[in-house]
Amino acid sequence: MQERYNPKDTEEKWQKYWQDKELFKTKEDTTSPKFYCLEMFPYPSGRIHMGHVRNYVIGDVIARYKRMRGFNVLHPMGWDAFGLPAENAAIKHGTHPAKWTYENIDYMRGQLKKLGLSYDWQKEIATCNPEYYRWNQWFFIKMLERGLVYRKSSLVNWCPSCETVLANEQVIDSKCWRCDSIVAQKELEQWFLKITAYAEELLRFCDTLTGWPEKVAAMQRNWIGRSEGVEIDFPVAGLDKKIRVFTTRQDTIFGATFLSIAKQHPIISELINDKDILKKIASLSEDPEKKEGVFTGLCAVNPLTGDKLPVWAANFVLMQYGTGAVMAVPAHDQRDYEFAIKYNLPVKVVIIQDSRIPGFQDSSEKTINPSTPRPLDPSTSLPTTQAYEDDGILVDSGGFSGLQSKEAKDRIAQFIEKSNLGKRTVNYKLRDWGISRQRYWGTPIPIIYCDTCGIVPVPEDKLPVLLPMDITITGKGTNPLSGVRDFINTTCPKCNKPAKRETDTMDTFVDSSWYFLRYCSPHVNDMPFNSGRTNYYMPVDQYIGGIEHAVLHLLYSRFFTKVIRDIGLLKADEPFKNLLTQGMVIKEGAKMSKSKGNVVDPDYLIEKYGADTVRLFCLFAAPPERDLEWSDQGVEGAYRFLNRVWTLVNKGLRDWGLGIGKGQNTNPQSPTPNLLLRKTHQTIKKVTNDIERDYHFNTAIASLMELVNEAAAFKVSSDEDAYALNLCIINIMLLISPFAPHFAEELWESIGHEQSLLTAPWPEWDEDMAQEEEVELVIQVNGKLRGRLMIPQGLDDDSVKERAFQDAKVLEYIKDKPVKKVLVVKGRLVNIVISEK
RNA sequence: GCCGGAGUGGCGGAAUUGGUAGACGCAAGGGACUUAAAAUCCCUCGUUCCAAAAGAGCGUACCGGUUCGAGUCCGGUCUCCGGCACCA
C-alpha cells in the first residue's frame, strides 16, 4: 500500500477491475428479491454538470448498498438522445446531429465511468437508435388503434426560437421550458395523445403514491385540476338556439345577470352578422390582466328565472375549458364583478354569509363607499367592493332560498337534470398531449397521407420508419424532413398508389415515457420489451431526479405505463414506487450557470481530488432532497477525511499488524466490552438506519467521521485492543464503500483480501454490544438543567430518584422548598418539580 | 389569490417518538512541529454578565397557548423559496 493516498491511480485501477470482472452485470435470476434503482437519464448535451453528478452519486450509493444487502439490483443508464440542441449544433458547426449526439454520448459515458458509478453498461440505451424509437412508433399505432391518438387543428403553443410546437406542460410562465422564449399561439394541425382519457385514473392514483414527496403528488393533482359542476343550457332569446355553460356554482344561478362567452365561441360566427361587432370581438385584448368585453347583441334566458341576460364576448373566457361560455354572477365571482362594474351591468346578491358556517366573522363596522352601485356585503347588507365568493345561505333564489350552498348545489343540479336543462359534469384542466414537433431530430410519426385512402398508419411490419440520415439542416424555413424526397414520397399501404409521409416528429418526452421498461430487456427485437423480465423488475423501486419534471416527464410516464398495462404487456399500475427529488447544486446562492460564471467542472475536481472525494462531499454537505451549496473548502474537508482514514490504515499495517483475522477476542464474555468495539457497533447501526431512513447520507457520514476520530485516538496496548481496532477499521471500510467505493476497495485489498469488497455483505450490528452500560442522567429542577451524573443502564426509577436527590448542586436548588412531583424519563432525565416559594 | 415547503451559531447542517439545542464538517483564533512554508497534530469557538474561572441569565423568525418540560405540538403574525393562477 502506498504511503500517500493517490486517488488517480486507485480509481483507474478499480474501474478497470470492476469492468473486467463484470461486477455490475445484472444477475439474470428472478428468484431473489429485486431492487430497481433508476436515475433520470441525461440529455447528451456534451458534458455532465454537477447536478448530474449529485443525482447519479445518490443513485449509486443506493444501488451499492442494496447489492450488499443481497438484492438483485437493476441499475442501468442511457441517453435521452433526441432533441433540439443536436440540430442547433448541426447548424452552428455543420456536423450531423447523429454524429454530434453519439460523440457526446461517448464523452459523457467516460465521465460517468470516471465517477465510479456502478451501472450495468450492457443495458445502455440511446433513444435515437432505430431499435429504440421504432417502439415509439409501435406504441403510437397501438394507441391509434385504441382511439387514444387523434389529429386536429387547433391553437397551439409555438416557440419562435425552437420553431416548433410545445405541449401545455412545456410552457412555463408563458415561456418555452427549453429556451425561455415567449411562446406565441398558432393554428396548426397536430397529433394528440388522449391523456385526458386517463385523467380520472391519474388523479385517483395520486393517493397511492405514498413513496413520492407530497409536493409532487400535489402538483400533479393540481395540474389535472378536477372540478365537479353542471352544464346548463341557456336558450337564446327569440331563436331556436342554446348556449351551454359550465359552472361549479349552480347555487348562484339566480344571481346570474349576463353570460360571457369566449371570442372563438362558434355561436358568434353562427348568429352574429354585424361586422362592427365581429370586428370588435376579434380585436379584444389578449392581455390576461385587462378584462375586456363586447356586447354581442344577443340575449339569453335564465332557465330558472326566465330573466333575459345579455350575452357578452369576454377576453377572459377560455374556449378550451368547459363549454367556452359561463353564466356571470357578479355578486359572487370576482372576475364577473369587475367586468360588471366596468360595463355597468347589474349585480344581484343571492348568497349571504351564514353564522353556522365555520370561519364566520361578524363584521359590522365596514367602510361604506356609496358612490357606485355595489353588491351588498352579505353580513351587513351594506355596499361592498368585492364579490362574496364563499358558501353561505341562498336568498332571492325562488324555492331554493334559505338553503345552505352545499345542499342547494345538490338540489339545483337535481332540478336541472330532471327538467332536462343540463347535466352534472366533471371538468379537468388537463388537456390532451400534442406531440407533433416540426423538427428533424426525433422519432418520425408513422403516418402516410393518401389522396384516396386518407390518413393511413404505417403497418407494424413496416416499422421502423427510419429517420433519413442524408439531410442538410439550415435552420431556416420548414422542417428539414419536408425537403427529403426519398423520405416523403412513398406508397399507400392500403391502395399502393403514391402517397406522402408525415414529416412531423414526436415530442422527445415520448421517448422518456417508457425507457425504464426497455432497460429491463434492452436487446429484444420482436417486442418493445420482454414482459416476463419487465414484470419482475417493475415498478422502479427508487427513482431519483430533479423536481423540474414534477409534472412533465413524471405525468407522461404514468400515462404511458397505464396505456401499456391496458395493451396487456405490463402488470404495474404505476411506474415509480418511490421518488426522490434531489435539490439543486448551487453556488454563491444561485443555480450554477454559464451566464453567472459560477459553474464547477466535474472533470477538474476528479482530476484534482478524485471521484471519491467529490462523491463524499456531495453526500455530506446536505441531505439529498435539499439544495446543496457548493463549497470548495468543503471539498477539501472531504479529501482530508479520506486521507485521515488512509493514514489510520497505513499506521495499522505498519505498527500492529492490521489484517484479516488479526487479533483474537481473548475475552468474548468480558463484562466490560472494549469501548471502541461498542462505538463500532453503534456506528454500524447508525449508518444503516440513516440510509434506510430516507437516505440521510449526511448524518451517516458524520457518524463514520466520529468513529474514525475515535479509532485514530485509540492506543493499542493488548491483543484485545488490536482485535477491537482491527474489527473497527474493517467495518469502516465496509461502511464507507457505497460512498467512496474505489478508496474502500484499495484499503480492503491492502489488508489481505483477494476478493473484491463488492462480494462482501453489509455488516450487521449486535444490539447487546451497541448498548451503553452507563448513561448520562440529566437532572432538571422545574425543567431547567441543574446537574448530570452517570448511572448504570436500566436502573429502576426509585434508585434513579434516590441518586438525583444526592446531588449536592441539585439539593442547593431545592433547599427547603416542597417537592411537588418527580418525573423520570428512562435513561435520560429526572425532573424535580418544586414550589417556587 | 390558492396549494406546497422552509426559517436553528460566522457558514453547510445535527437533534429519528415532546426530554441535555448546536453532532459532524467548514471558516476563524491560538499553539506544536519546521530555518521557513505547505501538510499534519493539539486546544478554543452561540451570546450576555464577570479580569478570569466557577457560575448565572438569554437563545431555534415573531407573538401567544398546551405541558413538569416545546426547535419539535396547537393558534396567530412576518419573511423567504417552489408550483398553479382569469379553469368559471
Take the protein atom CD of A/E812 and the nucleotide atom C1' of B/rA54, then report the distance between them rounded to whole Å.
12 Å
Determine the interatomic distance between C1' on B/rG13 and the same-named atom on B/rA6; round to the nearest Å.
14 Å
Please give the distance between the P atoms of B/rA21 and B/rC26 as a whole number of Å.
26 Å
Before giving the answer on ring pair (Phe, Tyr, Trp, His ring centres under 6.0 Å), spell out for A/F743 and A/Y5 the whole-Å C-alpha distance, their side-chain angles and the decisive distance to 0.1 Å.
CA-CA 9 Å; A/F743 178 82; A/Y5 170 43; 5.2 Å; yes
Does B/rG7 pair with anything, Watson-Crick or G-U wobble, both distances under 3.5 Å, and if so, with which nucleotide?
B/rC78
For A/V317, answer base if it contacts any base atom (sugar-phosphate contacts may also be present), sugar-phosphate if it contacts only those atoms, and nothing otherwise; contact means non-hydrogen atoms under 4.0 Å.
base
Regarding A/Q780, tell me which of base, sugar-phosphate or nothing describes its non-hydrogen contacts under 4.0 Å with the strands shown.
base
Whole-Å gap separating P (B/rA39) and CZ (A/F641)
19 Å
Determine: side-chain N/O of A/R640 to OP1/OP2 of B/rA27, distance under 4.0 Å, yes or no.
yes
Would you list the protein and nucleotides 30-34 of chain B atom pairs, both N or O, that sit under 3.5 Å from each other?
none

Pairing partner (Watson-Crick or G-U wobble, both distances under 3.5 angstrom) of B/rC87
none
Can you measure from CG (A/N315) to NZ (A/K290) and round to the nearest 0.5 angstrom?
9.0 Å
Remember a base hit wins even if backbone is also touched, and classify A/K820 as base, sugar-phosphate or nothing at under 4.0 Å, heavy atoms.
nothing
Taking any heavy-atom pair under 4.0 Å as a contact, classify A/V833: base, sugar-phosphate, or nothing.
sugar-phosphate
If the C1' atom of B/rC41 is compared with that of B/rC33, how far apart are they to the nearest Å?
8 Å
If you look at every strand shown and take non-hydrogen atoms under 4.0 Å, does A/R828 touch a base, only sugar-phosphate, or nothing?
sugar-phosphate
Counter-base of B/rG55, judged by Watson-Crick or G-U geometry with both distances under 3.5 Å
B/rC49
Using the P atom on both, measure B/rG76 against B/rG9 and round to a whole Å.
26 Å
Which whole-number value in Å describes the distance from A/M219 CE to B/rG82 P?
12 Å
Considering only atom P, compute the distance from B/rU8 to B/rC3 and round it to an integer number of Å.
25 Å
Side-chain N,O (A/K826) to OP1/OP2 (B/rU17) below 4.0 Å:
no
From CZ of A/F697 across to P of B/rG12 the rounded distance in Å is 22 Å
A/V819 side chain near A/F805 side chain, heavy-atom distance below 4.5 Å:
yes
Is the NZ or CZ atom of A/K291 both under 6.0 Å from the centre of the six-membered ring of A/F339 and within 45° of that ring's axis?
no
Is B/rG9 syn or is it anti, if syn means the base angle is within 90 degrees of 0?
syn
So what does A/N831 hit on the nucleic acid, given a heavy-atom distance under 4.0 Å: a base, only sugar-phosphate, or nothing?
base
A/P213 near the nucleic acid: base, sugar-phosphate alone, or nothing, with a heavy-atom cut-off under 4.0 Å?
nothing
Under 4.0 Å, heavy atoms only, any strand: does A/R221 hit a base, just the sugar-phosphate, or nothing?
nothing
Distance, rounded to the nearest Å, where A/N222 contributes CG and B/rG1 contributes C1'
13 Å
Looking only at atom C1', what distance separates B/rA70 and B/rA61, rounded to whole Å?
16 Å
